[in-house]
Amino acid sequence: MAENKNETKTNEIKVPFFKASIGEREEAAVLETMRSGWLTTGKQALAFENEFAEKIGAKKALAVNSNTSGMILAMEACGVKPGKAVITTPYTFVSTATSARHLGADVYFADIEKDTYSIDPDAVEKILQSEKGKNVVAIVPVHIAGNVCNMKRIMEIARKYNVRVIEDCAHSFPSPTDLGYAGAIGDVGVFSFYATKTITTGEGGMVTTSDEKLAERMTVMRLHGMDRTTWDRYTSPRASWEYDIIAPGYKCNLPDVLAALGRVQLSRADEFDEKRKAHVKKFNEAFSKMDFVTLPPDSKGNAWHLYLLRLNLDKLDCTRTDFAKELQGRGLGISMHFIPLFHFTYWKNLYADFTPENFSNAEEHYQRTISLPLWPDMSDEMVDYVIESVKETGRVHHV
């Protein structure tokens, strides 16, 4: 059997991990904006904000140049600063936590649930009940792969301890739940429109809130702490140079060229959602018949941004990494979501107790999870090839 384990090798990517669905409408919108003479934040960004807010049911949306910028704006507005702290999950991309560090705050980590990738509300409350809880000003749940956290319980805890909730929605659009859309449940929602997300502007993001004071603060801080937007300065009768700096702000705005792309993508969001879910249905039907894998967790509102296949390592004679490399050898563009933050040098050096042993659920999920290709325009042949590659790799390594 050992002779066959690496028999399929290729340098050719037969199924990319992701490919954005960009068509003639997106091209035309970007070209029209380029020819308009207005490239930076203006009427396209304003329209994008209004359309996005309406889509998820938030009162206000602010277009930003990345989810990271949006997270910093949201945290700053919610009182994250030196001497304060946020609670989040170690099972996330690093920017969720480093945004708090940029503001001089501490980060307290709560493990994920045993059967999902979502932050464990009980672990969150345990921190809030401890001495550390006195410093916490915000909980930052992360909707991993588009599967929404237990927001009902998280909101109950937040109100009980009088802390804010900042939803990291980088993966979760569009995600309708019984409490409303993800991003409009907590105090602030922060979305990503990075190249691989469910809708894209190449780089970019959106911050949403229904709290007027938070919206006002984030609007000011988004552009240098200025009391007027660029669009207002150059289109209103009032002189463009008449403005005040009322806070030490940042530079986080989204230009119109990218917003024009985002508006078309937004109009196609439901189309993309349906296509991803059709692929997921085929994956689930096939993988449910294989005893060496476990299907990704699912719940109402799952946007299925990623397909996180979990290996049952007791059924295999290889590690997750070995399995993943063999899928790559078959031409699959696969990835890992996520490397828990306690594996990174910065975080290990910062907190002595931030170790795999203290976050056993996050570590266990990491050691057996592979992100498979999932994007709207995958052909049936591509979906079938992904399934067959997993099946054959499992057959070779099955015990």
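Throughout, numbering of the chain's residues begins at 1 and tracks the sequence. For the numbers below, each heavy atom of this structure counts, side chains included, while hydrogens, waters and symmetry mates do not.
Classification of the Phe338-Phe93 ring pair by plane angle, with boundaries at 30° and 60°, yields tilted. Ring geometry for Phe193 versus Phe48: interplanar angle of 30 to 60°, hence tilted. Classification of the Phe354-Tyr351 ring pair by plane angle, with boundaries at 30° and 60°, yields perpendicular.
Residues meeting the side chain to side chain contact (heavy atoms under 4.5 Å, CB included) test with Ile22, sequence neighbours left out: Ala20, Glu26, Thr200, Leu261, Gln265. By the side-chain hydrogen bond (donor to acceptor under 3.5 Å, both in side chains) test, Ser371 is found to be paired with His337, residues two or more places apart in sequence or in another chain being considered. Partners of Asn358 according to the side-chain hydrogen bond (donor to acceptor under 3.5 Å, both in side chains) rule, which considers only residues two or more places apart in sequence or in another chain, are Thr355. For the side chain to side chain contact (heavy atoms under 4.5 Å, CB included) test, residues two or more places apart in sequence or in another chain that qualify with Ile246 are Val220, Asp227, Asp244. For Ser360, the side chain to side chain contact (heavy atoms under 4.5 Å, CB included) partners are Asp111, not counting sequence neighbours. For the salt bridge (Lys or Arg N to Asp or Glu O under 4.0 Å) test, no residue two or more places apart in sequence or in another chain qualifies with Glu24. By the salt bridge (Lys or Arg N to Asp or Glu O under 4.0 Å) test, Glu271 is found to be paired with Arg268, Lys275, residues two or more places apart in sequence or in another chain being considered. Among residues two or more places apart in sequence or in another chain, the salt bridge (Lys or Arg N to Asp or Glu O under 4.0 Å) test is passed with Lys277 by Asp273. A search for salt bridge (Lys or Arg N to Asp or Glu O under 4.0 Å) contacts involving Glu125 returns Arg153, Lys160, not counting sequence neighbours.
Checked against the 6.0 Å centroid threshold, Phe342 and Phe109 do not count as a close aromatic pair. Between Tyr366 and His343, the ring centre distance stays below 6.0 Å.
Around the CE atom of Met336, the shell of radius 6.0 Å holds more than 12 heavy atoms that belong to other residues, nucleotides or ligands. Within a 6.0 Å radius of CZ in Phe17, more than 12 heavy atoms belonging to other residues, nucleotides or ligands are found. For Asn349, the CG atom counts as densely surrounded, since its 6.0 Å shell holds more than 12 non-hydrogen atoms of other residues, nucleotides or ligands.
A salt bridge (charged side-chain N to carboxylate O under 4.0 Å, His left out) check over residues 293-304, counting only residues at least two apart or in different chains, returns the pairs Asp178-Lys300. Among pairs with a residue in residues 62-85, those fulfilling salt bridge (charged side-chain N to carboxylate O under 4.0 Å, His left out) read Glu76-Arg217, at least two apart in sequence or across chains.
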Q: Could you give me the CA-CA distance, side-chain angles and deciding distance for Glu364 and Arg368, then say whether salt bridge (Lys or Arg N to Asp or Glu O under 4.0 Å) is met?
A: CA-CA 7 Å; Glu364 192 268 342; Arg368 66 189 190 101; 2.6 Å; yes

Q: Decide salt bridge (Lys or Arg N to Asp or Glu O under 4.0 Å) for Asp187 and Arg159; before the verdict, give the C-alpha distance in whole Å, the side-chain angles of both, and the deciding distance to 0.1 Å.
A: CA-CA 11 Å; Asp187 296 286; Arg159 299 306 175 236; 3.5 Å; yes

Q: Please test Asp377 against Ser21 for side chain to side chain donor-acceptor pair (under 3.5 Å), starting from the C-alpha separation and ending with a verdict.
A: CA-CA 7 Å; Asp377 294 337; Ser21 299; 2.9 Å; yes

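Between Lys152 and Glu156, at least one side-chain nitrogen of the basic residue sits less than 4.0 Å from a carboxylate oxygen of the acidic one, meeting the salt-bridge criterion. Salt-bridge formation is detected for the pair Asp384/Lys282: a Lys NZ or Arg NE/NH1/NH2 atom is positioned less than 4.0 Å from an Asp or Glu carboxylate oxygen. Using a cutoff of 4.0 Å between basic side-chain nitrogens and carboxylate oxygens, Glu392 and Arg395 are scored as salt-bridged. Salt-bridge annotation for Lys134 and Asp106: absent, with no side-chain N of the basic residue lying under 4.0 Å from a carboxylate O of the acidic one. Contact check on Glu32 versus Arg263 returns no salt bridge, with no Lys/Arg side-chain nitrogen under 4.0 Å from an Asp/Glu carboxylate oxygen.
Here the straight-line distance linking atom CG of Leu214 with atom OG1 of Thr208 works out to 11.0 Å at 0.5 Å rounding. With values rounded to the nearest 0.5 angstrom, Ser172 atom OG is found 8.5 Å from Ile185 atom CD1. The distance from atom OG1 of Thr393 to atom CD of Glu388, rounded to the nearest 0.5 Å, is 9.5 Å. Note that the NE2 atom of His102 and the OG atom of Ser95 stand 8.5 Å from one another [nearest 0.5 Å]. Between the CG atom in Leu313 and the NE2 atom in His397 there is a gap of 12.0 Å [rounded to 0.5 Å]. Remark: Trp304 CH2 to Leu306 CG distance equals 10.0 Å, nearest 0.5 Å.
A single hydrophobic cluster is not seen to contain both Tyr91 and Met151; linkage of ILVMFWY side chains at heavy-atom distances under 4.5 Å, directly or through other members, places them apart.
Connectivity analysis of hydrophobic side chains (ILVMFWY, heavy atoms under 4.5 Å, direct or indirect) links Val264 to nothing; its cluster partners are none.
Side-chain atoms of His365 come within 3.5 Å of backbone N or O of Thr116 as a donor-acceptor pair.
Cation-pi geometry between Arg310 and Phe287 is not met: the NZ or CZ atom fails to fall both under 6.0 Å from the ring centre and inside 45° of the normal.
Proximity of Asn147 to Tyr117: side-chain heavy atoms (C-beta onward) are nowhere separated by under 4.5 Å.
Side-chain N/O atoms of Ser267 and Arg25 include a donor and acceptor closer than 3.5 Å.
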